[in-house]
Amino acid sequence: MKPIKFEEQNAIINDAQPIGVQIPAFKYQSNFGEVTFCMQLSFCERLKLLFTGKLWCVMLTRNKPMQQNYFSVHKRDAIPGAK
């Protein structure tokens, strides 16, 4: 799975790890601090998801309180006004 660019992106999240993964993102202009990004699954990952129906999520909270998160297969659920 890898992060991919998308039309609405307006920021790059740079992981502070030595590898320095850069994640194209859409940052909302709000008081809630929402950030949306998109991941591209490989062919094998898509097959596994198709047959198992399971999607796992790992969140790096930096030992701070858990934040609300959700997943969707529809862009319009993640970015207001997107098609």
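Values below: every heavy atom of this structure, side chains too, minus hydrogens, waters and symmetry copies. Everything numeric here is computed off the predicted structure, so don't read it as measured data.
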With sequence neighbours left out, what residues match F51 under side-chain contact (heavy atoms from CB on, under 4.5 Å)? L47

Under 3.5 Å donor-acceptor, N10 side chain and K27 backbone: yes

Could I get the full list of side-chain contact (heavy atoms from CB on, under 4.5 Å) partners for A82, not counting sequence neighbours? E8, K75, I79

Heavy-atom nearest pair, F6 first then A25, reads CZ-C, 3.8 Å

Look up atom CD in Q22 and atom CD1 in I12, then write down how far apart they are to the nearest 0.5 Å. 6.0 Å

L49: which residues meet the side-chain contact (heavy atoms from CB on, under 4.5 Å) condition with it, sequence neighbours left out? L41, L55

Using side-chain heavy atoms (C-beta onward) and a distance below 4.5 Å, is F43 in contact with E45? no

To the nearest 0.5 Å, tell me how far K5 NZ sits from C38 SG. 13.5 Å

Any side-chain heavy-atom pair from F37 and P24 closer than 4.5 angstrom? no

Could you pull out all residues at least two apart from F26 that satisfy ring-ring contact (aromatic ring centres under 6.0 Å, His included)? Y28

With sequence neighbours excluded, residues passing side chain to side chain donor-acceptor pair (under 3.5 Å) with S30: E34

Residues in side-chain contact (heavy atoms from CB on, under 4.5 Å) contact with C44, at least two apart in sequence or another chain: S42

Is any side-chain heavy atom of I13 less than 4.5 Å from a side-chain heavy atom of V35? yes

CZ-CE distance between R46 and M1, expressed to the nearest 0.5 angstrom: 11.5 Å

